[in-house]
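Heads up: the structure comes next, in structure tokens.
Proteins get letters first, then strands, A, B, ... in listed order; numbering begins at 1 in each.
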Number of protein chains: 2
Amino acid sequence: MTVATRRTQDQRSAETRRLLLSATVKMLMEVGYANTSTAGIAKRAGVSRGAQTHHYPSKMALIVAATEEMFGNFASRLEVLAADLNNGDLDYDKFFEAVWEEVLHGDWFYSSLEIIVAARGDTELREQLSPLIIDLHQRFERIWTETFVALNPDVITSKVALNLALNVFRGMAVQAVLRRDEAYFREMLMALKTMLASHVQPAKSAQ
Amino acid sequence: MTVATRRTQDQRSAETRRLLLSATVKMLMEVGYANTSTAGIAKRAGVSRGAQTHHYPSKMALIVAATEEMFGNFASRLEVLAADLNNGDLDYDKFFEAVWEEVLHGDWFYSSLEIIVAARGDTELREQLSPLIIDLHQRFERIWTETFVALNPDVITSKVALNLALNVFRGMAVQAVLRRDEAYFREMLMALKTMLASHVQPAKSAQ
DNA sequence: ACTTACAAACAGACTGATTGGTTTTTTTGA
DNA sequence: TCAAAAAAACCAATCAGTCTGTTTGTAAGT
């Protein structure tokens, strides 16, 4: 239009796709799946609807691609936190607080919740997302088992403790939609840390 | 149409409303909020769209009324389970298994999840539902504190233990959407019971 | 170097279906 | 006789997907 910044086709494509996926995640996060239309995404991304359908012919293709990227981003973020715990930049308490912060205020949790709930009523979407979630979960388990060791593996393994913690976070985040009460969630998080502490400890401190 | 069973206006109204609310909850449960239309609800209820808009002029009025009833039903169901635990018809293990069964296969959890997620992107709906959820939660706390006592209230109170358990259930149910793995959830439930057992016990056995 | 041919990228109008809500008409009970 | 209840037609808005036309980059041929 104004200055013709010359780019290769690949560069143009990649940029457009990036804008679309980012806009998709942000819209899911901010207004929910029900209020996320393909036209809205295109507008938010600053891309024409034609460009959008060119790269992602259906809404599902767009959602699935956005989910893939979002899961990847979150796992990476978690890897960083785990590394921080391992090398001493974070202690046990701060680690969980950072994860909770990430869940509550990061891009990922609520957009994934929207997608999961949408998938409940859409067989095809569910089938497309299922492998992505399983992948993500395996990445979680790998990160976690490299970071925490169980005190009594016969009673509660490290893996189960991870899943318990994850599910508490999930549940809390859902509850937070209709109940904004920071003190309540702080108390809950403290209780979770206390209960977990008697079953797992950071691998680093076990050396 | 066929046989004119003579009923009072109140009876006709009450029956129509009952059919509509029941159909609403069932549709939310089975196909999700996104696929729940007012026309679909009316059809499923076997009621004309005119009758539906007569009793519930907007979709929100219908959703809110259905939520109210559903929450009431679930709290009642939980009261029965708690009473069974108190009078010895259920033991500690069986109680939690019954609650989990209720969450996973009952009418209420997934329909409430749909509604909560929908409320996230709809300010008015959120404001209407907020008091209902708080009511329900207070009922939970009352039931729970009459049923369980904390072993070390200074560390973890009975109330916090309840909320932790509730949130684990919530999280597990969300996870169950994309991960159907009964063994996994059994293991998770066992871990939850183990962890809870060291902080609360049934009030009855404490007498 | 410079055109030319072509395909990918992009833009935007259009379409059929569905939605929630309104209005009009008919039926039923008081 | 009248108002509540119920039925059904109707409407504007929105949606995902399709279609047609334009722009931009690429590569072959000269």
### Message
Just to be sure I understand the geometry, which residues of residues 48-66 of chain B put a non-hydrogen atom under 4.0 Å away from DNA chain C?
### Response
B/R49, B/T53, B/S58, B/K59

### Query
Residues in side chain to side chain donor-acceptor pair (under 3.5 Å) with A/H199, at least two apart?
none

### Query
What integer distance in Å separates A/N35:CG from D/dA16:C1'?
16 Å

### Query
Near DNA chain D, under 4.0 Å by heavy atom, which residues of residues 111-121 of chain B?
none

### Message
Please verify the inter-ring angle class for B/W108 with B/F140; under 30° counts as parallel, over 60° as perpendicular, anything in between as tilted.
### Response
perpendicular

### Summary
Rounded to whole Å, CG of A/D10 lies from P of C/dA7 at a distance of 17 Å

### Task
Measure from CG on A/L19 to C1' on C/dA9 and round the result to the nearest Å.
14 Å

### Query
Which pairs with one or both residues in residues 24-40 of chain B pass salt bridge (charged side-chain N to carboxylate O under 4.0 Å, His left out), sequence neighbours excluded?
B/K26-B/D107, B/E30-B/R44

### Task
Calculate the interatomic distance between A/Q11 atom CD and D/dG25 atom P; express it in whole Å.
10 Å

Would you tabulate the side-chain donor-acceptor contacts of residues 34-41 of chain A under 3.5 Å, counting partners in other chains and residues two or more places apart, or write 'none'?
from  : atom 1 : to     : atom 2 : distance (Å)
A/N35 : ND2    : A/V31  : O      : 3.0
A/N35 : ND2    : B/G121 : O      : 3.2
A/T36 : OG1    : A/G32  : O      : 2.6
A/S37 : OG     : A/G40  : N      : 3.0
A/T38 : OG1    : A/R49  : NH1    : 3.2

### All ring pair (Phe, Tyr, Trp, His ring centres under 6.0 Å) counterparts of A/F71, not counting sequence neighbours
none

### Interatomic distance, A/I41 CD1 vs C/dA11 C1' [rounded to whole Å]
18 Å

### Task
Provide the full list of salt bridge (charged side-chain N to carboxylate O under 4.0 Å, His left out) pairs with a residue in residues 126-137 of chain A, sequence neighbours left out, each pair given once.
none

### Query
How would you list all residue pairs meeting salt bridge (charged side-chain N to carboxylate O under 4.0 Å, His left out) that involve residues 139-149 of chain A, not counting sequence neighbours?
A/E79-A/R139, A/E79-A/R142, A/E141-A/K159, A/R142-A/E146

### Query
Is it true that the NZ or CZ of A/R170 lies under 6.0 Å from the centre of A/F109's six-membered ring and within 45 degrees of the ring axis?
no

### Message
Which residues pass the side chain to side chain donor-acceptor pair (under 3.5 Å) test with A/E68, not counting sequence neighbours?
### Response
none

### Message
Filter on salt bridge (charged side-chain N to carboxylate O under 4.0 Å, His left out), then keep only pairs touching residues 88-100 of chain B, sequence neighbours left out; what's left?
### Response
B/D93-B/K193, B/E97-B/K193

#### Entry: Close residues, residues 122-130 of chain A, relative to DNA chain C [heavy-atom separation under 4.0 Å]
none

### Message
So, using ring pair (Phe, Tyr, Trp, His ring centres under 6.0 Å) as the criterion, who are the partners of A/Y92 when residues are at least two apart?
### Response
A/F96

### Task
Establish, with yes or no, whether the OP1 or OP2 oxygen of D/dA5 is under 4.0 angstrom from a side-chain nitrogen or oxygen of B/T16.
no

### Query
So does B/S37 get a side-chain nitrogen or oxygen closer than 4.0 Å to the phosphate oxygens (OP1/OP2) of C/dT18?
no

